[in-house]
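The figures that follow rest on heavy atoms only: side chains count, while hydrogens, waters and symmetry mates do not.
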Amino acid sequence: MALSSCGTSFAEQDDPVSSLAVTSLRDLPDAPSALLAQQSTSSPSSSSGQVSQPPPQGESPTASAKAPPQSAPPQQTKRIMGIMPNFSAVSADTKLPPQTVKEKFVIAAKNSFDYSSFIIAGIQSGISMASSSYPEFGHGVGGYGQYYYHTLLDTADANFMVAGLWPVLFHQDNRFYTLGHGSFKRRAFYAATRVLVTRNDSGRNGFNASEIIGAGSAQGIATLYYPSEYRTWTKVGQKWLTAVIIDSANYAFKEFWPDINNKLSKLKKNKQ
């Protein structure tokens, strides 16, 4: 029995076919289900057919998403409250070519002879007569007529000097470019200082000589048709400064007019 068992064991060791069979069985791959399980564990995203890629270095996953478009600022209108002329105001973020000589004088003429100019002059004349700004003009119909035509002449003088003649000579733009962005203080300061800073025909900003010299020359012309008592340097200087301050306040109001108009339009729609 010992020989038999030893012979059998010896035969198995010397049998090359048996050794090859044992080796082949050891080298067989795992079952297909085991391989699939292993692959699904090592790469979860491969089952979907898509490989997720990390976002580029220095960017967050949402950085590549497009930002929502910003709404355009409210636009300027040709008239304020449907009456007052607003022909020289330009909406925010608007780029325009340089003005021609004709365009500058056209704006000056529109601001002087628009129908609203006669209505506004009538209101101003009534206020001036009520406060006896110029006692020499008197009262009644005759006095009101004096105030009225003086106011019309003052308006035309200022418009053609500030927006017509001097912008042509100094090559400056007589339009008001709305800022339309930023805080209230920034916009108010920007608008109020347009009497000192304006855009030249070259597109660059510069000292607003058209406003300062134009307002002064308009008051100088006014001395030709006002009583002699108002032809002194003090009176002319006071009116000159007053005209510049009024223009500064006018620019500030125009800066915020699109926002005011937009809110009024929304209130009107909500009531309907």
Looking only at non-hydrogen atoms, find the nearest pair between Ala92 and His181 and report the distance.
CB-NE2, 4.5 Å
Would you call Phe176 and Val90 a side-chain contact if the rule is heavy atoms closer than 4.5 Å?
no
Ser210 versus Gln172, side-chain donor and acceptor atoms under 3.5 Å:
yes
Taking C-beta and beyond as the side chain, do Ser128 and Tyr134 meet within less than 4.5 Å on heavy atoms?
no
Would you find a donor on one side and an acceptor on the other, under 3.5 Å apart, between the side chain of Asn208 and the backbone of Glu211?
yes
Where Ser133 and Ser131 come nearest, the two heavy atoms and their spacing:
OG-OG, 3.1 Å
If you round to the nearest 0.5 Å, how far is CZ of Phe256 from OG1 of Thr178?
10.5 Å
Give a yes or no on whether Phe207 atom CZ has more than 12 heavy-atom contacts from other residues, nucleotides or ligands under 6.0 Å away.
yes
Okay, side chain of Ser132, backbone of Pro135: is any donor-acceptor separation there less than 3.5 Å?
no
When hydrophobic residues are tied together by side-chain contacts of less than 4.5 Å, even through go-betweens, does Val244 share a cluster with Tyr190?
yes
So Leu179 and Arg186, do their side chains get closer than 4.5 Å, heavy atoms only?
yes
For the pair Lys110 and Ser88, evaluate side-chain contact (heavy atoms from CB on, under 4.5 Å) and give the outcome as yes or no after the intermediate values.
CA-CA 10 Å; Lys110 284 184 176 181; Ser88 60; over 6 Å; no
Can any side-chain N or O of Tyr148 pair as donor or acceptor with the backbone N or O of Gly126 at less than 3.5 Å?
no
With the 4.5 Å side-chain cut-off for hydrophobic clustering, are Tyr251 and Leu241 part of the same group?
no
Does Asp157 form a side chain to side chain donor-acceptor pair (under 3.5 Å) with Tyr225? I'd like the steps, not just the answer.
CA-CA 12 Å; Asp157 291 345; Tyr225 52 82; 2.5 Å; yes
Give the minimum heavy-atom separation between Ser112 and Thr155, together with the two atoms involved.
OG-O, 4.2 Å
Evaluate the ring planes of Tyr147 and Phe137, with Trp represented by its six-membered ring, and classify them as parallel (under 30°), tilted (30 to 60°) or perpendicular (over 60°).
perpendicular
I'd like to know if Lys104 and Asp201 make a salt bridge, using a cut-off of under 4.0 Å between side-chain N and carboxylate O.
yes
Correct closest heavy-atom pair for Gly122 and Tyr144 would be O-OH, 2.9 Å
In terms of heavy-atom contacts, does CZ of Arg79 have more than 12 from other residues, nucleotides or ligands at under 6.0 Å?
yes
Please test Asn111 against Asn159 for side-chain contact (heavy atoms from CB on, under 4.5 Å), starting from the C-alpha separation and ending with a verdict.
CA-CA 7 Å; Asn111 290 334; Asn159 287 328; 3.7 Å; yes
Within a strict 4.5 Å, meaning less than it, do heavy atoms of the Pro73 and Asp93 side chains meet?
yes
Side-chain heavy atoms of Met129 within contact of His139, under 4.5 Å:
yes
CZ-OG1 distance between Arg175 and Thr94, expressed to the nearest 0.5 angstrom:
10.5 Å
Donor-acceptor pair, side chain of Gln76 and main chain of Trp257, under 3.5 angstrom
no
With a distance cut-off below 6.0 Å to the six-membered ring centre and an angular limit of 45° from the axis, does Lys239 pair with Tyr226 as a cation-pi contact?
yes
Say whether Val168 and Ile213 are linked into one hydrophobic cluster, either directly or through other cluster members, by side-chain heavy-atom distances under 4.5 angstrom.
no
Give a yes or no answer on whether the side chain of Thr198 reaches the backbone of Asp173 with a donor-acceptor pair at less than 3.5 Å.
yes
Is the shortest side-chain N to carboxylate O distance from Asp259 to Arg187 below 4.0 Å?
yes
The single option from Glu136, Lys235, Gln238 that satisfies side chain to side chain donor-acceptor pair (under 3.5 Å) with Tyr230 is Glu136
Looking at side-chain heavy atoms only, is the closest gap between Ile212 and Leu196 below 4.5 Å?
yes
Answer with yes or no whether the side chains of Gln75 and Ser91 bring together a donor and an acceptor at under 3.5 Å.
yes
Ile80 vs Asn86 side-chain heavy atoms within contact, under 4.5 Å:
yes
According to a 4.5 Å side-chain heavy-atom criterion applied to Ile, Leu, Val, Met, Phe, Trp and Tyr, with indirect links allowed, do Phe189 and Val195 form part of one hydrophobic cluster?
no
Phe118-Met84 co-clustered via ILVMFWY side chain contacts under 4.5 Å:
no
Closest contact, heavy atoms only, Gln146 versus His150
O-ND1, 2.7 Å
Could you check Leu96 against Tyr177 for side-chain contact (heavy atoms from CB on, under 4.5 Å), going step by step and ending with a plain yes or no?
CA-CA 10 Å; Leu96 298 175; Tyr177 288 85; 4.1 Å; yes
N/O donor-acceptor pair under 3.5 Å between Asp114 side chain and Ser116 backbone:
yes
Please examine the side chains of Tyr149 and Ser125, heavy atoms only from C-beta on, and report whether any two atoms are closer than 4.5 Å.
no
Any chance you could lay out the side-chain contact (heavy atoms from CB on, under 4.5 Å) test for Asn174 and Val162, step after step, and finish with the verdict?
CA-CA 8 Å; Asn174 65 9; Val162 174; over 6 Å; no
Looking only at side-chain N and O atoms, does Thr234 offer a donor or acceptor that is under 3.5 Å from a partner on Thr232?
no
